[in-house]
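Notes follow once the structure below has been shown.
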Amino acid sequence: MSITFSRQGCDGFVTEEELYALKQQVVHCHQSLHDKTGKGNDFVGWVDLPEEYDKAEFARIKQAAAKIQSQSQVLIVIGIGGSYLGTKTALDFIKTPYYNEKNKETPDIYFVGNNISSAYLNDILEIVGERDFSVNVISKSGTTTEPAIAFRVFRQLLEKKYGKAEAAKRIFATTDRAKGALKEMCDGEGYETFVIPDDIGGRFTVLTAVGLLAMAVAGVDIDAVMAGAQYAHKQFAEADLEKNICYQYAALRYLFYTKGKTIEILANYEPHMTSFGEWYKQLFAESEGKEQKGLFPVTANFSTDLHSIGQFIQEGGRYFFETVLWCKEPKTTVTIPFDEKDGDGLNFLAGKEMQFVNSKAFAGTMLAHIDGGVPNMVIEMDKMDEWHFGALVYFFEKAAGISGYLLDINPFDQPGVEAYKKNMFALLGKVGYEQRKAQLEARLQK
């Protein structure tokens, strides 16, 4: 089991000399991260998390998951951003995007509180129906608008359905260790709580209780997830750029950025990885997008998107590069059958597995894109399972940290996220925003 990295598709775009000229700069970034002396050093607890996670809480996560499995047919996960993207990614990657439609012994899992759509919320309420359910609300403060609204709705539904005392046994909160509106509510109502560590920001929390509880409820082997992360923690701990493929990836991203390639396309050839791209977008957009700097992260799902944006990738503006996630072994296999009439002309593929065809689509596309002026990097894994998920998550987290320091920004805050919130609160009439409200309404009327 392993994660490997290929940069052969960068030949002709970046030289070895250019890459290794960054060796000392990368060493400095590594030391800043590991010695906790760099920007945002209060939020680097994820660096050693695979080895230093709270084993007692880990055991409680398993116990709570077993309780939810025994008492509920549905688990509602309430959160936004890093509070749900990692979990959704894990379920799709390890299980299937059709997890809820499968016949299984574990509860269905639905995600709410990640938008402000009444239609979406009512759809989930209708789907849950009369079935028994539990809630995992994930919020550091408890006052983030989207999850707070959803939690209010589902908390009152639980209390109406089961009564206040029984409802409290079905609410599991992942929140701050000691403070915040949600923590105060949990202490007052007796909800079981799990901790969002103070030194780990939301987009880096997938390997904490934030992501692990719902994974465990779905039957994911969270010990194997952490084993994969432990492998990556050890494998990518070397400061030497020549030996550390994670740092090579981060350094190449930086080099492409300096050469005017300001967009990174994370491409995959497996629908099970689509959600991984959503998690990747938040990880890098929130980490790098500051001070008018940073690569803009986008995703592509091949071969599907080759029939939509493929033309642009092949011949459009040359301001992007591709990073391809490739899995060698499919979860299941399909053999292409023989047809006597061969009306579709596919008998030359009869007897071959679809993964063989997919692999040639991958190879052919990569060569075509390189010929079209698009550099390609490939991150390859053996399987889509728990171990590789944990390893891949840590790989990208480490790369995000090093990438941010190469850009000389703080990769662990997200001050820009607050701008829309302040405007929204003002327009909604929240106390204390009266002057701002008047200014915004005047602008909107122009």
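Just so you know, these numbers use all the heavy atoms, side chains as well, and skip hydrogens, waters and symmetry mates. Computed from a prediction, not measured in an experiment: that's the story for all the values here.
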Point to revise | Residue pairs fulfilling side chain to side chain donor-acceptor pair (under 3.5 Å) with at least one residue in residues 192-208, sequence neighbours excluded | key: R60-E192, K140-D198, R203-E286, R203-S287, R203-Q414

Exercise for review: For atom NZ of K161, decide whether the heavy atoms of other residues, nucleotides or ligands shown that lie under 6.0 angstrom number more than 12.
Suggested key: yes

Exercise for review: Dump the intermediate steps for side chain to side chain contact (heavy atoms under 4.5 Å, CB included) on V77 and V112, then the final yes or no.
Suggested key: CA-CA 6 Å; V77 177; V112 301; over 6 Å; no

Check your understanding: Using a distance-only test with no angle check, is there a side-chain donor-acceptor pair under 3.5 angstrom linking K104 and Y99?
Key -> no

Practice item. Considering only NZ, NE, NH1 and NH2 on the basic side and carboxylate oxygens on the acidic side, decide whether K328 and D382 come within less than 4.0 Å. Key: yes

**Study point:** L325/L266 under side chain to side chain contact (heavy atoms under 4.5 Å, CB included): CA gap, chis, key distance, verdict
**Key:** CA-CA 7 Å; L325 289 180; L266 186 73; 4.0 Å; yes

Check your understanding: Do other residues, nucleotides or ligands put more than 12 heavy atoms under 6.0 Å from the CZ atom of F256?
Key -> yes

Review point. Does any pair with a residue in residues 173-217 pass ring-ring contact (aromatic ring centres under 6.0 Å, His included), and if so which ones, sequence neighbours excluded?
Key: W46-F204, F204-F412

Review point. Are Y249 and F395 an aromatic pair by the rule of ring centers under 6.0 Å?
Key: yes

**Study point:** Working for side chain to side chain contact (heavy atoms under 4.5 Å, CB included), residues K67 and K169
**Key:** CA-CA 10 Å; K67 180 180 178 181; K169 300 176 183 177; 4.1 Å; yes

**Study point:** Carboxylate-amine/guanidinium proximity below 4.0 Å for E189 and K164
**Key:** yes

Review point. Looking just at side-chain N and O atoms, do H233 and D48 make a donor-acceptor pair shorter than 3.5 Å?
Key: yes

Review point. Would one find more than 12 heavy atoms of other residues, nucleotides or ligands at under 6.0 Å from atom NZ of K331?
Key: yes

Point to revise | Salt bridge flag under 4.0 Å for residues K36 and D42 | key: no

**Study point:** C10 vs M377 side-chain heavy atoms within contact, under 4.5 Å
**Key:** yes

**Study point:** K261 NZ/CZ over F321 ring centroid, <6.0 Å and within 45° of normal
**Key:** no

Review point. Is it the case that more than 12 heavy atoms not belonging to Y98 sit under 6.0 Å from its OH atom?
Key: no

**Study point:** Y394/Y231 aromatic ring centres below 6.0 Å
**Key:** no

Check your understanding: Could you walk me through whether K398 and L33 pass the side chain to side chain contact (heavy atoms under 4.5 Å, CB included) check?
Key -> CA-CA 9 Å; K398 196 76 179 290; L33 190 62; 3.7 Å; yes

Practice item. Using the salt bridge (Lys or Arg N to Asp or Glu O under 4.0 Å) rule, take K437 and E434 through it: C-alpha gap first, then chi angles, then the decisive distance, then the call. Key: CA-CA 5 Å; K437 179 181 181 182; E434 291 82 4; over 6 Å; no

Check your understanding: Hey, are the side chains of F154 and F133 touching, using non-hydrogen atoms and a 4.5 Å cut-off?
Key -> yes

Check your understanding: Do the non-hydrogen side-chain atoms of K23 and E242 ever get within less than 4.5 Å of each other?
Key -> yes

Review point. When you look at NE2 of H34, are more than 12 heavy atoms from neighbouring residues, nucleotides or ligands closer to it than 6.0 Å?
Key: yes

Point to revise | Presence of salt bridge, K39 and D413, under 4.0 angstrom | key: no

Review point. Between F93 and F389, how do the two ring planes meet: parallel, tilted or perpendicular, split at 30° and 60°?
Key: tilted

Review point. Quick one: do R253 and E264 make a salt bridge, cutoff under 4.0 Å?
Key: yes

Review point. Is there side-chain contact between D92 and H272, with at least one heavy-atom pair below 4.5 Å?
Key: no

**Study point:** Close side-chain approach of I68 and F172, heavy atoms under 4.5 Å
**Key:** yes

Practice item. With the side chain counted from C-beta on, respond yes when R436 and N423 share a heavy-atom pair under 4.5 Å apart, and no when they do not. Key: yes

Review point. Do F276 and Y280 have their ring centres less than 6.0 Å from each other?
Key: no

Review point. Would one find more than 12 heavy atoms of other residues, nucleotides or ligands at under 6.0 Å from atom NZ of K160?
Key: no

Point to revise | S32 side chain to T37 backbone, donor-acceptor under 3.5 Å | key: no

Review point. Between F302 and E322, is any pair of side-chain heavy atoms under 4.5 Å apart?
Key: yes

Practice item. Answer whether the closest heavy-atom distance between the side chains of V137 and T174 falls below 4.5 Å. Key: no

Exercise for review: Step by step, work out the side-chain hydrogen bond (donor to acceptor under 3.5 Å, both in side chains) result for S134 and Q71.
Suggested key: CA-CA 8 Å; S134 296; Q71 71 182 8; 3.0 Å; yes

